[in-house]
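Comments concern the structure below.
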Amino acid sequence: MTTRAADRSTADRSPEDHTFDDRPVGDRPARSASAKEAPVMDAPAEDASAGRRSRTAPPTAGSDRSDSGHLESTGSPSTGSPSAGPAGSAPDRTAIETALAGLPRVVDLLAARAEEHDRDATFPYQGIEAVHEAGLLTLTVSERYRGPGGTLADTVRVLSQLGRGDASVAVVTAFTLLRHAEQARRADWPTAGYRRLLTESRRGPVLVNTLRAEPGAGASELPATVARRDGDGWLLTGRKTCCTGAEALAWMAVTARTDEEEPRVGTFLVRGESEGLEIDPTWDQLGLRASASHDVVLNGVRVQADLALGLTAGRRTVRQGADAEAELSLAWHDLALSAVAIGVARAAEAWLIRFLNQRTPANLTEPLGTLPRYRTALGEIEAQLIGAEELVEGLAPRVDRGEPEAVARTGPAHLLATRAATAVVQQAVTLTGNPGLSRRHPLERYLRDVLSSRVHLAPDETVLEAAGRAALERGARP
């Protein structure tokens, strides 16, 4: 059975609905007027388009905008790092450090509900709300949009911690952070559309994702999703699969081809409540069960002409893309999702340590952690995690600095980090035996989540073949 995305989208709830409560909207009590508003960027109010509810709000004191309502840059409008400020000035890290300081509380909130959402495969609205209210969901919004301007290094730090609490919340958060970071670098969304997104973000979580995958499609094929001209806009028809956060997405950046004689391929910005858009609840995986990575079905969904981005002839995969921005976007993806897997593995190690310190078999007088064999095995786990963390956390600031060599290494880094995280959790299960596989404990969920994280990883042979080809090219140079 399919459902309209608008039925569950967090972005389509009123401010009073955004509380730490996972009940359906109609069953929730109203939040008092004194409730805390999320510490996100100022954004100008904007009237909703015809036929849609208004999401306007009075500008906050000190907001910087023109009378026309267009966003005003707080720094240079030119391209550059996401946190670029006025010439010669250092970025203000206050908002970022404040958000990062709230991470421990958020992780605790996520962990408290993770088992329930995993068991029932329900979307973690409460967890996303916690991430949003801590200012973490908009961490990578550029300073020129009055955002914190978080870097890839900041993103890796956040996602590794969120992965400890709930991997599903972490991956949903990851794709929204990646989209804001991409806008910070290239500003490809039209100003009005992005302004609307930021305005909504002042009221509650606004989730975004780019929808590329299609059932049975190969990476080198043209998208099966078709955009057909209709007056001054486009009508989209097709199906996207593995759409992380599908039921709660406020915006979907949908890749599609035109039905022209020579098809062009581009990205079409679709609102989550659009007419003709449905969510097919197909996601029933081993792990990441609360991520709502369902199929999105588009039946003649209308998109305004100015929301069709980057229409170009032909088709290139992201890894085959020649432009530096495509490679940089992929580097952010690789390290962000690596961080989530590492966070899951760290949660598994923490549970294992408690188990080894408390478990005393009937034939022993001391806990298992006192035995050299278990200490050595734990040391092996710790060594693998240190290696994965140093790899990912070391590459992230280098990518932020724009080092091409670091960008080129993120694919293999993602593969190695995911392998290490998986090996760590599997070893933890081996060391604990039956308790580790019991649904009374979270270790078996960590195992399922880390195994399912491979859905976000390119096939091993693709990554390794590319790495091998690059090595051969280096060796052939004089």
Keeping [X] on the side-chain end and [Y] on the backbone end, is there a donor-acceptor pair under 3.5 Å?
X      : Y      : value
Ser160 : Val156 : yes
Arg448 : Leu286 : yes
Ser329 : Ala326 : no
Trp332 : Ala396 : no
Arg144 : Ala184 : yes
Asp400 : Ala153 : yes
Thr173 : Leu137 : no

Practice problem: Could I get the full list of side-chain contact (heavy atoms from CB on, under 4.5 Å) partners for Gln427, not counting sequence neighbours? | Solution: Ala377, Ile381, Thr430, Leu431
Calculate, to the nearest 0.5 Å, the distance between atoms [atom1] and [atom2] belonging to [X] and [Y] respectively.
X      : Y      : atom1 : atom2 : answer
Leu298 : Ser274 : CG    : OG    : 8.5 Å
Cys243 : Asp280 : SG    : CG    : 10.5 Å
Gln285 : Leu451 : CD    : CG    : 12.0 Å
Leu249 : Thr244 : CG    : OG1   : 8.5 Å
Leu211 : Thr225 : CG    : OG1   : 9.0 Å
Leu395 : His414 : CG    : NE2   : 12.5 Å

Practice problem: Give me the ring orientation class for Phe355 and Trp351: parallel if the planes are under 30° apart, tilted from 30 to 60°, perpendicular past 60°. | Solution: parallel
Exercise. Begin from the C-alpha positions of Arg398 and Glu393 and carry the test salt bridge (Lys or Arg N to Asp or Glu O under 4.0 Å) through to its verdict.
Key: CA-CA 9 Å; Arg398 294 179 59 195; Glu393 293 172 8; over 6 Å; no
Under the rule for side-chain hydrogen bond (donor to acceptor under 3.5 Å, both in side chains), what residues qualify as partners of [X], not counting sequence neighbours?
X      : result
Arg179 : Gln183, Asp188
Thr418 : none
Asp120 : none

Quiz prompt | Chi angles and distances behind the salt bridge (Lys or Arg N to Asp or Glu O under 4.0 Å) call for Arg454, Asp460 | solution = CA-CA 10 Å; Arg454 293 193 63 85; Asp460 289 12; 2.4 Å; yes
Check this for me: does any side-chain nitrogen of one of [X] and [Y] sit under 4.0 Å from a carboxylate oxygen of the other?
X      : Y      : value
Glu200 : Arg203 : no
Arg185 : Glu325 : yes
Asp449 : Arg289 : no
Arg113 : Glu116 : yes

Self-check item: Where Leu269 and Ala253 come nearest, the two heavy atoms and their spacing
Solution: CD2-CB, 4.0 Å
Any donor-acceptor N or O pair under 3.5 Å, side chains [X], [Y]:
X      : Y      : value
Thr122 : His117 : yes
Ser438 : Glu444 : no
Glu247 : Tyr125 : yes

Quiz prompt | Name of the residue among Val340, Val171, Val392, Leu136 meeting side chain to side chain contact (heavy atoms under 4.5 Å, CB included) with Leu159 | solution = Val340
Practice problem: Sequence neighbours left out, what pairs pass salt bridge (charged side-chain N to carboxylate O under 4.0 Å, His left out) with at least one residue falling in residues 151-171? | Solution: Arg93-Asp154
Exercise. Name all pairs fulfilling the ring-ring contact (aromatic ring centres under 6.0 Å, His included) condition that reach into residues 159-184, sequence neighbours left out, sorted by first residue then second.
Key: Phe175-His456, His180-Tyr194
